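Step one of this worksheet: look at the structure below.
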2 protein chains.
Amino acid sequence: MANRSYHHGDLRAALLEQAGRTLREKGASALSLRELARDLNVSHAAPSRHFKDRRALLDAVALLGFARMAEALAKADPGPEAGFRARLEALARATVDFAVSERELIALMFSSKADTDALDDMHEAWMRLAAPVYAAIADGQRTGDVHAGDVERIAYSAFFTVHGVANLASIGVIPEADIDQALGDALDHLVRGLRP
Amino acid sequence: MANRSYHHGDLRAALLEQAGRTLREKGASALSLRELARDLNVSHAAPSRHFKDRRALLDAVALLGFARMAEALAKADPGPEAGFRARLEALARATVDFAVSERELIALMFSSKADTDALDDMHEAWMRLAAPVYAAIADGQRTGDVHAGDVERIAYSAFFTVHGVANLASIGVIPEADIDQALGDALDHLVRGLRP
DNA sequence: ACCTGAACACCGTTCAAGT
DNA sequence: ACCTGAACACCGTTCAAGT
């Protein structure tokens, strides 16, 4: 209770960080602004200076999640030299790993947000996420692994499958022990389906 | 306020029905037991007789959702006579239609439920849902449209793709106008990938 | 500019008591 | 068996007031 004006005015960042922690531990529905404020030793009304309401805070956390996921994908991308199948597999595995290790975050990121006005930011984050997949498909077309056609549409189609595995693995429909096999099966079908 | 002992003791059913309505209109996070009770003219403590807590009510609603989705899929299944591609397409379209027209319900059904003890019921509901897909894959193997192998694994692989489209369409990542095209692309790749 | 304290209108859950 | 009323410990949001 000794330190006033918490964190040099960096309450916003502190809130986001703490929100990320409690999200991971207890899920979005159990995240309360008042508890966050308590954890950071500020009054319960303080968060409203930085986020207009609970939804705005959660949107900001989701946006950070997209950035982190994009970074994870970019880091996992072995580049075109690895070969098409290996590259797609690396990207897919990184996606599924992220979804499984950040269940609550991914649930927040991919929960309905139709009425949100923060949709432009989301779209940009999404583009960054999709970039390595686009690159993989485009390179696949050059190496003869992928049939001709609109890169974006083909990339989306690939993403559907990977997202399906990631989502179902994340919520436990696919048992932890079967995830590798399930992803392998999905990739086998996907790679064959993409061939010229 | 005149009618006491609401609905001949069928408060449980009335709660589920009303919960379904407010879920559709305002989403799971905005569903309050007290508001439900108000809508049904019972005291705010009444629901606890039929559902031990809020989570139990939502689980029951999700379970009904699986039953309804299974029914929708069974009804949409044209049977083996339609041919493999047409059959798979009918099932996929029914899945996506359900996901888009029942956004909030599908979000509830496919939200993390790892710690729930109502997991056995969920598993049974899931099996009913998967039945037509299993049948389509098994028949596809007989007609030479699908490669040999474990039916369950192949069916799951098909489901990943369709679920991916359904989920992303449901939350608005795929714009409404592009859903048909996206599903078409996904099915093209899937059917090719499944071939012997 | 940023935070506090009090106030308002909500919650879920529990439990004695009523019918 | 089923429901009520009161109580408890929470919420999100707003707004005057402080620094």
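All heavy atoms count here, side chains included; hydrogens, waters and symmetry mates do not. What you see is a predicted model; the values in this text were computed from it and never measured. Below, read A as the first sequence line, B as the second, and so on, with proteins coming before strands; counting in each chain starts at 1.
Under the side-chain contact (heavy atoms from CB on, under 4.5 Å) test applied with B/Q18, the options B/L40, B/L31, B/L23 reduce to a single match, B/L40. Of the candidates A/D139, A/D188, A/D145, A/R85 forms a salt bridge (Lys or Arg N to Asp or Glu O under 4.0 Å) with just one, namely A/D188.
Across the protein-nucleic acid pair, A/L36 atom CG and D/dC10 atom C1' stand 16 Å apart, rounded to whole Å. Between the P atom of C/dC3 and the CG atom of A/N41 lies a distance of 13 Å, rounded to the nearest Å. For the pair A/L57 CG and D/dT13 C1', the interatomic distance rounds to 14 Å; values are reported in whole Å. Atoms CG (A/L11) and P (D/dT19) sit 19 Å apart, rounded to a whole Å. If you take CG of B/D53 and P of C/dT14, they are 8 Å apart, rounded to a whole angstrom. Rounded to an integer number of Å, the gap from A/R34 CZ to C/dT4 C1' is 12 Å. Here C/dC11 presents its C1' atom at 9 Å from CG of B/L33, a figure rounded to the nearest Å. Counting to the nearest Å, the P atom of D/dC2 and the NZ atom of B/K52 are 19 Å from each other.
Residues B/F110 and B/H163 bring their aromatic ring centres within 6.0 Å.
Within 4.0 Å of B/R54, counting heavy atoms only, lie sugar-phosphate atoms of the nucleic acid but no base atom.
Pair assignment for D/dC8: C/dG12, on the basis of Watson-Crick or G-U wobble contacts that are both within less than 3.5 Å. Across the strands present, D/dA17 finds no partner; the criterion is a Watson-Crick or G-U wobble pair with both atom distances under 3.5 angstrom.
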Return all side-chain donor-acceptor pairs below 3.5 angstrom for residues 71-83 of chain B, not counting sequence neighbours, or 'none' if the list is empty.
unit_1 : atom_1 : unit_2 : atom_2 : d
B/D77  : OD1    : B/G79  : N      : 2.9
B/D77  : OD1    : B/R87  : NE     : 2.9
B/D77  : OD2    : B/R87  : NH2    : 3.1

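Checking the phosphate oxygens (OP1, OP2) of D/dC11, a side-chain nitrogen or oxygen of A/R38 falls inside 4.0 Å. Distances shown here put a side-chain N or O of A/H50 below 4.0 Å from the OP1 or OP2 atom of C/dC3. Close to D/dC11, at under 4.0 Å from its OP1 or OP2, lies a side-chain N or O of A/S32.
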Does the side chain to side chain contact (heavy atoms under 4.5 Å, CB included) test come out yes or no for A/L129 and A/W126, once each step is laid out?
CA-CA 5 Å; A/L129 197 77; A/W126 182 262; 4.1 Å; yes
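In terms of position on DNA chain D, the residue among A/E35 and B/S43 whose nearest nucleotide sits closer to the 5' end is B/S43.
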